[in-house]
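Throughout, protein chains are lettered first and strands after them, A, B, ... in sequence-line order, and every chain is numbered starting at 1. Side chains are part of it too, since the values below use all heavy atoms of this structure and drop only hydrogens, waters and symmetry mates.
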Amino acid sequence: MELDSRIPEGPLEKKWDSSRFNMKLVNPANRLKYHIIVVGTGLAGSAAAASLAELGYNVTSLCYHESPRRAHSIAAQGGINAPKNYANDGDSIYRLFYDTIKGGDYRSREANVYRLAQVSGSIIDQCVAQGVPFAREYGGLLETRSFGGTQVSRTFFARGQTGQQLLLGAYQSLSRQIGLGAVKFLGRREMLDLVVIDGQARGIVVRNLINGNLESIAGDAVILATGGYSNVFFLSTNARQCNASAIWRAYKRGAFFANPCFTQIHPTCIPVSSEHQSKLTLMSESLRNDGRIWVPKAVGDKRDPNQIPENERDYYLERLYPSFGNLVPRDVASRRAKEMCDKGYGVGATSMAVYLDFRDNIKRHGKPWVAEKYANLFEMYQEITGENAYEAPMRIYPAAHYTMGGLWIDYNMMSTIPGLFVLGEANFSDHGANRLGASALMQGLADGYFIIPYTLSDYLASNKIKAVANSHSAFKDSEQSIASMIKKLLSISGNRAVEEFHKELGDIMCQHCGMARNAEGLKKALELIPALRERFWSSVRIPGSSEDFNQELEKAQQVADFLELGQLIVEDALQREESCGSHFREEFETEDGEAKRDDDRFSHVAAWEFQGHGKSPMLHKEHLSFEYAKPSQRSYK
Amino acid sequence: MHITLNIWRQKDRNSQGGLVTYELSDVTPDMSLLEALDLLNLGLVRTGVDAIAFDNDCREGICGTCCLQINGRPHGPLKGVAACQIYMRSFEDNATIIIEPFRAKAFPIVKDLVIDRSAFDRIIQAGGFISVKTGGAPDGNTLPISKHTLETAFDAAACIGCGACVAACKNASAMLFVAAKVAHLGRLPQGQPERKQRALGMVAQMDSEGFGACSNTYACQYECPKQISVDNIAFLNSEILRAKIF
């Protein structure tokens with residue numbers, strides 16, 4: 001199968017306008033006849049469901065939470081980018097486009113990224129109209145701040161809880177449509193299969209988590225906005241329930257999975273403190289604006305950080321990258337932190353942390369100045385560690401945070417299965433090999449509010465979609481295969497809990513396919529993961545029944561999928577014999593220790609096609625060409 | 001550390017529930033309370049006992065999913081945090097900890113410590129929004145908002161919808177939840193056109209869901225993990241009065 005990205009012709013800045021004009025529309029009177037299923041209620045899913053219902057489509061929205069407002073977008077802290085140039089510092093759509101392409105280390109599509117930059121300004125306006133309380137200057141106008149990987153101030157923020165406020169805005173819009181009867185919302189439903197009939201995505205099968213019933217939902221198009229898969233690492237900043245099952249099962253039905261090895265490790269997280277640690281907590285990247293990162297110059301220096309004099313501190317990011325300093329992109333900051341710790345300069349009880357110090361800004365501007373910007377983050381740090389970061393520097397260490405990879409989509413956000421659209425973190429498209437801070441919220445909302453309403457209508461209006469009911473045999477077949485998988489899981493009755501397998505998988509992934517990777521380690525992981533999967537299927541224990549609220553059974557299905565996805569991630573990392581962005585192969589680095597791309601061999605999207613269990617997936621390549629942002633060695637020096 | 005846990009177990013909505021005692025060793029002070037429950041569940045599951053069901057997700061106090069009544073208090077002994085942000089260092093060695101679900105007629109129990117708070121969603125659906133369709137919004141800077149107005153609205157907007165206010169209230173009133181949304185939107189210039197319908201619609205839905213009335217005990221403010229102020233309830237009351245008169 002040839003991958004057709006359907007990028008419109010014409011100059012970059014005209015592509016979206018011209019394609020919007022060329023897209024077919026659905027007559028308002030006919031929209032109600034189309035049933036659209038939207039899975040997930042984070043920024044992308046809520047925004048899409050609300051916007052499509054406003055247009056008049058018949059929408060079903062569902063998620064595994066009790067309420068749409070619990071989606072993990074809520075936890076995003078720092079902000080959302082838009083090139084409004086309110087700061088008068090030289091920002092423009094083109095600069096946001098350029099920064100994003102460069103930040104992604106030239107592994108994303110120019111046309112998609114340009115469109116993202118184009119629509120991002122409207123997102124701010126839309127959210128303000130919804131009542132999102134973005135920070136304001138004293139004069140009443142919107143305030144912005146700078147973020148990693150950029151030199152302009154284009155990040156809009158709502159205290160340290162921007163994701164919460166943006167999600168509540170989208171949730172409220174969605175709630176309005178639910179109240180009007182335009183959206184049917186189904187909570188506590190987990191999608192367990194995609195149903196494809198005559199080559200088109202025609203519905204899903206979900207499990208009702210309260211009573212265990214399998215429910216078939218038929219529709220004219222399916223939109224997945226189900227987030228990323230960082231929890232394959234077990235310890236990550238993602239919420240505990242975040243999982244890959246929806247996209248993984250769509251993959252097994254024919255949707256290609258693109259660039260699975262592009263997984264982002266966020267530099268500023270609170271370090272692991274106990275063996276029972278269940279998740280890691282992110283400290284917003286915005287802290288790097290005013291905090292300085294350092295380690296002691298001497299290996300194994302265990303003094304109280306306040307006792308270490310200035311000349312015995314190594315502000316290594318400022319030393320290595322004088323022009324960007326502490327604001328280098330995430331992949332660079334993470335890798336350098338790991339390197340410092342690996343060399344023995346790490347601090348804290350585990351020596352797996354570096355300092356993030358606000359001392360200088362507290363001295364210069366006073367504690368209230370710092371508190372106004374970051375108080376909730378300092379409080380969060382204190383709750384978790386029991387330490388006061390106004391008095392001693394924070395300790396931070398990188399953690400799995402975001403996945404740039406995801407289901408392959410074309411310019412119209414459609415996967416390789418006609419009628420299956422993928423939005424937000426669940427798709428692969430805009431961030432290349434590394435995402436810049438404050439760009440995830442931007443992408444989720446751009447996809448949901450401003451792109452899918454156009455591209456979906458084009459699909460519906462240009463394709464013949466026959467009537468299908470959920471009594472169709474394809475739904476029954478799917479229900480049966482899910483039921484038999486559940487039955488099999490429950491019947492194993494071994495002696496180990498699901499979580500133990502998940503942890504073990506996470507250890508393998510972190511060790512061999514984390515911040516730095518090499519062929520030897522990846523090959524080792526390819527032996528370990530199938531063996532672990534085999535043990536899972538022979539010795540897992542899941543008490544309770546399938547006709548009940550059974551959280552262990554939910555987890556078991558998610559982990560069963562992670563055990564397969566983990567292998568695909570490693571295979572992808574192994575074949576990509578270059579370093580780019582977050583994918584750092586130790587065999588491919590420059591003399592300065594930076595990622596060394598191989599544009600001749602790897603300027604492409606690696607899209608994997610499922611071939612059946614026990615068979616190697618087939619690799620397809622979508623070539624990436626750069627007409628505007630010419631690839632160069634990324635430099636933040 | 002060693003702790004004794006008395007945990008509410010209930011098979012489903014219609015079954016009779018009760019407290020069951022569990023002993024847990026190997027607890028460390030830097031574990032979170034939810035990690036202690038994970039550890040307890042690990043032991044139960046390995047021996048084939050049904051795991052204790054409890055809702056949780058972000059584990060950093062922002063998603064509002066966790067809803068544990070710990071030693072009789074919503075979200076436990078600390079002020080201004082959710083249950084997922086309680087660490088074992090807050091308890092003495094050999095402590096006994098009683099864990100129940102949030103209790104309210106409008107929050108039926110699903111299983112063990114899991115409850116159904118969809119009543120909150122229905123309240124929002126009844127008016128907790130600004131009616132703007134996607135597209136067509138004016139530039140965000142066309143509407144200056146003073147820092148004070150913004151910050152006051154934000155203090156109310158910080159609500160995570162967990163339901164602690166209801167669980168803390170002897171009347172199981174949802175006034176603080178409703179007031180927080182009415183004040184968030186009603187204090188902002190964008191929210192002005194729908195002030196009347198919003199306050200009346202949300203309060204009517206609240207009443208029909210079976211939440212009780214407010215009798216000004218301030219327990220909700222005290223137990224709110226985001227420390228939302230009862231001043232918002234005063235704002236809501238003035239909104240209702242205004243809506244009924246004008």
Completion exercise
If one checks every heavy atom of A:Asn238 against chain B at 4.5 Å, the contacting part turns out to be neither
Handout entry: chain B interface, residue from A:Gln165, A:Glu137, A:Glu552, A:His72 that has the most non-hydrogen pairs under 4.5 Å
Key = A:Gln165
Exercise for the section: Using modelled atom types only, decide if a donor and an acceptor are shared between the side chain of A:Arg136 and the backbone of B:Ser146 within a distance under 3.5 Å. Expected result: no
Handout entry: Spatial distance of atom CD (A:Glu66) from atom CG (B:Asp121) [nearest 0.5 Å]
Key = 7.0 Å
Exercise for the section: Measure A:Gln551 against the heavy atoms of chain B and call it side chain, backbone, both or neither at under 4.5 Å. Expected result: side chain
Exercise for the section: Under 4.5 Å heavy-atom distance to chain B, tell me which part of A:Glu275 shows up: side chain, backbone, both or neither. Expected result: neither
Practice task
Please round to the nearest 0.5 Å and tell me the distance separating atom OH of B:Tyr87 and atom OG of A:Ser274.
Solution key: 9.0 Å
Practice task
Among B:Gly135, B:Pro189, B:Ala51, single out the residue with the greatest number of heavy-atom pairs under 4.5 Å to chain A.
Solution key: B:Gly135
Practice task
With a 4.5 angstrom heavy-atom cut-off, could you sort out which part of A:Ala50 is near chain B: side chain, backbone, both or neither?
Solution key: neither
Exercise for the section: Among B:Ile86, B:Asn41, B:Asp155, B:Val81, single out the residue with the greatest number of heavy-atom pairs under 4.5 Å to chain A. Expected result: B:Asp155
Problem - Test item: A:His276 side-chain N/O and B:Thr28 main-chain N/O as donor-acceptor pair under 3.5 Å - result: no
Handout entry: Under 4.5 Å from any heavy atom of chain B - which part of A:Thr385
Key = backbone
Practice task
Measure distances from A:Leu180 to the heavy atoms of chain B and classify the residue's part below 4.5 Å as side chain, backbone, both or neither.
Solution key: neither
Problem - Region of B:Ala153 in contact with chain A, defined by heavy-atom distances below 4.5 Å - result: neither
Problem - B:Asp57/A:Tyr64 under side chain to side chain donor-acceptor pair (under 3.5 Å): CA gap, chis, key distance, verdict - result: CA-CA 11 Å; B:Asp57 205 23; A:Tyr64 52 68; 5.1 Å; no
Handout entry: A:Ile210, part contacting chain B, at a heavy-atom distance under 4.5 Å
Key = side chain
Problem - Check: B:Gln190 side chain, A:Val128 main-chain N or O, donor-acceptor pair, under 3.5 Å - result: yes
Practice task
Would you kindly say whether B:Thr134 and A:Glu54 are connected by a side-chain donor-acceptor distance under 3.5 Å?
Solution key: yes
Practice task
Below 4.5 Å from any heavy atom of chain B, which atoms of A:Arg188 appear? Answer side chain, backbone, both or neither.
Solution key: side chain
Exercise for the section: Mind running side chain to side chain donor-acceptor pair (under 3.5 Å) on B:Ser131 and A:Arg176 for me, showing each step along the way? Expected result: CA-CA 8 Å; B:Ser131 300; A:Arg176 175 168 166 256; 3.1 Å; yes
